[in-house]
Amino acid sequence: ALPIYLEQGNLLYLDFQKDNNSSKIYLKKSFWSSEVSINESLSKNQITTLISFKSSFPKLKKEDAAIQKVLYFLDVSFLQFPQYFSFFEKRRLKKQYQKSISEATEIITISQFAKEIIVQFFNVNTSKIRVEIPVSVSEKFSENYQQEIREKFQLPERFIVHQSQLTQKDNTFGLVKAIQNSEIPLVILGPNTKELKKSIQFSKKNKFDKRLIYLSYLTSKEISLLYTLSDFLVYPTLYDNVGLSVLRSKMAQIPSVLGNNSGLQELGGNSPLYVDSKNIDDVKSKILFLWNNAAERERRKEMDCSNPK
């Protein structure tokens with residue numbers, strides 16, 4: 001039987017029976033308008049498991065009541081750091097998560113830290129939550145494709161990369177301030193937010209906006225290559241219990257500079273440089289150290305390869 005994934009508003013079927021030759025079919029419909037298609041697919045393909053990355057499940061028919069519902073990647077930062085979310089957003093998310101958690105047969109998250117947070121705020125039995133770190137598989141890109149992307153986005157020869165939701169908790173503004181008095185180009189990936197606009201305005205005011213390269217609406221392949229082309233990832237977040245950018249950096253086999261006050265240490269292991277995210281001088285010094293030290297970058301790459309998480 002096939003599991004069915006709900007990811008970013010599309011349906012993704014993944015046949016685990018084909019081992020290394022998995023087939024993928026995308027149905028380009030919005031999540032909620034796809035409920036009929038989901039039900040048709042469940043009966044047609046004898047689906048036994050519904051896995052959601054969206055913190056919500058669609059409504060199923062009565063005959064599909066036995067289907068296993070699995071939640072993947074729970075981020076409950078709205079409970080730990082409510083100051084970063086509006087009143088209505090907090091109320092909506094809490095209600096949504098409570099409903100999904102009660103419906104879920106199993107919850108999968110990628111760190112023990114995240115598991116403890118879920119247990120703390122939702123009083124979930126620990127036996128219902130499984131910690132599973134996805135396998136990091138590096139991608140190979142042709143020289144022609146690398147050159148194509150460099151020209152498409154007008155990338156400098158060297159740069160660092162920062163990918164997040166670009167909210168206050170991701171500390172994008174703090175990172176931009178940290179590179180102000182350097183020559184380091186920064187590629188920023190994520191949605192167009194208030195935090196991003198504040199960061200760009202600051203860079204323009206202080207005349208280093210030419211070193212900020214903001215990119216959005218990229219394909220997964222383009223994002224993967226941007227990581228690979230970069231010198232290292234910088235993610236001085238104030239909080240993150242998911243760490244998807246850390247997993248991407250491992251896939252790209254690049255070093256990283258990460259915040260030390262969340263679940264990222266569990267995912268990152270010993271290879272990243274950890275910083276006090278609230279201390280701009282510490283963020284700046286660690287970035288400059290890694291930027292100016294090729295041998296250290298290579299050493300940390302080797303640490304990550306020899307000690308995979």
Flag if over 12 foreign heavy atoms under 6.0 Å of NZ, Lys278
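Open: at most 12 neighbouring heavy atoms sit under 6.0 Å from NZ of Lys278.
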Within a reach of under 6.0 Å around NZ of Lys128, are more than 12 heavy atoms found that belong to other residues, nucleotides or ligands?
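Counting neighbours around NZ of Lys128, more than 12 heavy atoms of other residues, nucleotides or ligands fall under 6.0 Å, so yes.
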Using atom types as modelled and distance alone, determine if a side-chain donor or acceptor of [X] lies under 3.5 Å from a backbone N or O of [Y].
X	Y	result
Thr105	Lys69	yes
Gln180	Ser203	no
Tyr214	Asn192	yes
Glu106	Ile129	no
Thr228	Ser224	yes
Ser277	Pro236	yes

Close side-chain approach of Leu215 to Ile188, heavy-atom, < 4.5 Å:
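No, side chains not in contact.
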Given side chains that start at C-beta, do those of Leu288 and Ser182 come closer than 4.5 Å, heavy atoms only?
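The answer is yes, as the side chains (C-beta and beyond) meet within the 4.5 Å cut-off.
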For the pair Arg299 and Glu296, find out whether any cationic side-chain nitrogen is under 4.0 Å from an anionic carboxylate oxygen.
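A salt bridge is present here (some side-chain N lies under 4.0 Å from a carboxylate O).
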Does a side-chain N-to-carboxylate-O contact under 4.0 Å join Lys99 and Glu103?
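Between Glu103 and Lys99 there is a salt bridge, with a charged N closer than 4.0 Å to a carboxylate O.
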Shortest non-hydrogen contact from [X] toward [Y]:
X	Y	answer
Asn292	Arg297	N-NH1, 4.3 Å
Tyr227	Ser245	OH-CB, 3.3 Å
Ile254	Ser230	CD1-OG, 3.4 Å
Asp282	Asp276	OD2-N, 2.7 Å

Just how far is it from atom CD of Gln165 to atom CD of Glu195, taken to the nearest 0.5 Å?
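So the CD of Gln165 and the CD of Glu195 are separated by 12.5 Å.
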Can you measure from CZ (Phe88) to CG (Leu93) and round to the nearest 0.5 angstrom?
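Here the rounded value is 13.5 Å.
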Residues two or more places apart in sequence or in another chain: which of them pass ring-ring contact (aromatic ring centres under 6.0 Å, His included) with Phe159?
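Partners of Phe159 under the ring-ring contact (aromatic ring centres under 6.0 Å, His included) test: none.
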Have Tyr239 and Asp170 got a donor and an acceptor in their side chains that come within less than 3.5 Å?
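No, no side-chain donor-acceptor pair sits under 3.5 Å.
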Do Gln120 and Glu116 have side-chain N/O donor and acceptor atoms under 3.5 Å apart?
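Glu116 and Gln120 do not have a side-chain donor-acceptor pair below 3.5 Å.
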